[in-house]
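First the structure, in the form of structure tokens, and then the observations on it.
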Amino acid sequence: MVGIMQIDATDRLILALLEENARMPTAELARRAGLSRTTVQSRIERLERGGAIAGYAVVMGAAARDAIRAQVMITLAPRHVSSVEEALRRFPEIRELHAVSGQIDMIAVVGAQTTEAINDAIDRIGMLEGVDRTTSAIVLSTRVMRQGPTAAAPSRHKTR
């Protein structure tokens with residue numbers, strides 16, 4: 001049986017600093033946490049091994065993000081989840097695909113540079129075998145965007 005990793009206040013501080021800037025040099029982390037560099041490095045390694053740090057991710061800036069995003073709510077015909085999901089995985093415009101509960105079956109987050117490209121992607125989603133209905137909403141602005149745990153493969157924090 002795998003034990004639950006114990007995370008203390010110092011670990012939480014290190015995690016908060018890394019969440020603020022995952023590229024922060026170990027020496028700077030140590031200075032801000034009031035610890036030695038070797039202590040911080042060993043704690044980071046323990047947090048990685050224990051799964052508290054699942055990986056490090058790139059957060060794209062405005063220049064690299066899609067100009068337009070839409071959420072597409074998808075209602076499926078019975079027994080078509082697998083085939084529709086497989087087809088949607090091949091859409092380059094789909095940034096996220098969620099299975100959800102309620103009246104709809106999936107929500108796809110679609111991104112592109114133009115409304116025409118968004119409209120084309122929504123039309124192609126609606127034409128898929130097994131899709132009964134789509135309802136879409138263009139994202140006008142993002143008011144809150146938090147970075148949470150990622151599914152990225154673990155990588156080592158670089159000592160600088």
Side-chain angles (χ1 to χ4, degrees), residues 1-74 76 81-102 104-115 117-118 121-122 124-125 136-160:
M1 180 178 183
V2 176
I4 296 174
M5 181 177 190
Q6 297 296 316
I7 298 176
D8 64 16
T10 302
D11 291 333
R12 289 188 197 291
L13 174 59
I14 291 169
L15 289 169
L17 291 168
L18 286 172
E19 191 173 36
E20 177 185 314
N21 178 4
R23 293 185 57 164
M24 188 179 299
T26 305
E28 177 65 12
L29 285 167
R31 186 188 68 71
R32 291 183 61 183
L35 301 167
S36 73
R37 190 194 59 73
T38 55
T39 298
V40 168
Q41 186 63 44
S42 66
R43 281 183 177 255
I44 289 171
E45 289 169 3
R46 183 179 57 79
L47 291 165
E48 289 173 342
R49 279 191 314 274
I53 296 176
Y56 301 89
V58 172
V59 178
M60 292 190 291
R65 285 195 296 263
D66 298 313
I68 302 165
R69 285 200 173 215
Q71 293 183 352
V72 183
M73 285 63 72
I74 305 167
L76 302 175
V81 173
S82 295
S83 63
V84 171
E85 180 181 333
E86 184 179 323
L88 291 173
R89 286 179 182 275
R90 293 190 295 267
F91 278 58
E93 303 89 351
I94 292 182
R95 304 298 179 248
E96 300 172 29
L97 181 62
H98 306 277
V100 297
S101 64
I104 59 172
D105 300 296
M106 294 179 170
I107 297 176
V109 177
V110 178
Q113 293 301 309
T114 65
T115 55
I118 295 282
I122 294 169
R124 287 185 289 121
I125 291 169
S136 58
I138 299 286
V139 176
L140 298 176
S141 67
T142 300
R143 303 298 173 98
V144 176
M145 182 179 205
R146 293 189 177 100
Q147 299 300 313
T150 75
S155 63
R156 295 287 182 217
H157 182 78
K158 302 294 181 210
T159 303
R160 294 186 192 127

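Any value given below was found using the heavy atoms of this structure, including those in side chains, with hydrogens, waters and symmetry copies removed.
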Given side-chain contact (heavy atoms from CB on, under 4.5 Å), test Ile74 with Ile125 step by step and report yes or no.
CA-CA 8 Å; Ile74 305 167; Ile125 291 169; 3.9 Å; yes
Has Glu28 got more than 12 heavy atoms of other residues, nucleotides or ligands less than 6.0 Å from its CD?
yes
Under the side chain to side chain donor-acceptor pair (under 3.5 Å) test, which residues partner Arg124, sequence neighbours left out?
Glu93, Asp120
With side-chain contact (heavy atoms from CB on, under 4.5 Å) as the criterion, how do Val100 and Asp105 come out once you've worked through the C-alpha distance, each side chain's angles and the decisive distance to 0.1 Å?
CA-CA 5 Å; Val100 297; Asp105 300 296; 5.9 Å; no
May I ask you to decide if Thr38's main-chain N or O and Ser42's side chain share a donor-acceptor pair within less than 3.5 Å?
yes
Evaluate whether atom CD of Gln6 has more than 12 neighbouring non-hydrogen atoms of other residues, nucleotides or ligands under 6.0 angstrom away.
no
Got a second to check how far Glu48's CD is from Tyr56's OH, nearest 0.5 Å?
4.0 Å
For a quick test of reading the model, state the closest non-hydrogen atom pair linking Phe91 to Ala121 and the distance between them.
CE2-O, 3.8 Å
Quick one: OG1 on Thr115 to CD1 on Ile138, what's the gap to the nearest 0.5 Å?
7.0 Å
Is Glu86 salt-bridged to Arg89, cutoff N-O under 4.0 Å?
no
Do Leu15 and Leu47 come close enough that some side-chain heavy atom pair is under 4.5 Å?
yes
Minimum heavy-atom distance between Val109 and Arg69, given as atom pair plus value:
CG1-NH1, 3.6 Å
Looking only at atom types and distance, does a side-chain atom of Asp8 sit under 3.5 Å from a main-chain N or O of Asp11, one as donor and one as acceptor?
yes
Any non-hydrogen side-chain atom of Arg49 less than 4.5 Å from a side-chain atom of Met5?
no
In sequence, state the C-alpha distance, the side-chain angles, and the governing distance for Val40 and Leu35, and then conclude on side-chain contact (heavy atoms from CB on, under 4.5 Å).
CA-CA 7 Å; Val40 168; Leu35 301 167; 3.9 Å; yes
For side-chain contact (heavy atoms from CB on, under 4.5 Å), just list the numbers for Ile118 and Asp66, CA-CA rounded to whole Å, side-chain angles, deciding distance to a tenth of an Å, and then say yes or no.
CA-CA 11 Å; Ile118 295 282; Asp66 298 313; over 6 Å; no
Please list, chain by chain and in numerical order, all residues satisfying side chain to side chain donor-acceptor pair (under 3.5 Å) with Glu20, sequence neighbours excluded.
Arg32
Measure the shortest side-chain to side-chain distance between Val81 and Leu76 over non-hydrogen atoms and say whether it is less than 4.5 angstrom.
yes
Between Ser141 and Arg143, is there a side-chain heavy-atom distance shorter than 4.5 Å?
yes
Just verifying a value: how many Å separate Leu29 CG and Arg43 CZ, rounded to the nearest 0.5 Å?
12.5 Å
Does a side-chain heavy-atom distance below 4.5 Å link Ile68 with Val110?
no
pair Met106-Met73: side-chain heavy atoms closer than 4.5 Å
no
How far does CD of Gln41 sit from CZ of Arg37, to the nearest 0.5 angstrom?
6.5 Å
Any idea which heavy atoms bring Arg95 and Gly111 closest together, and the distance?
NH2-O, 3.1 Å
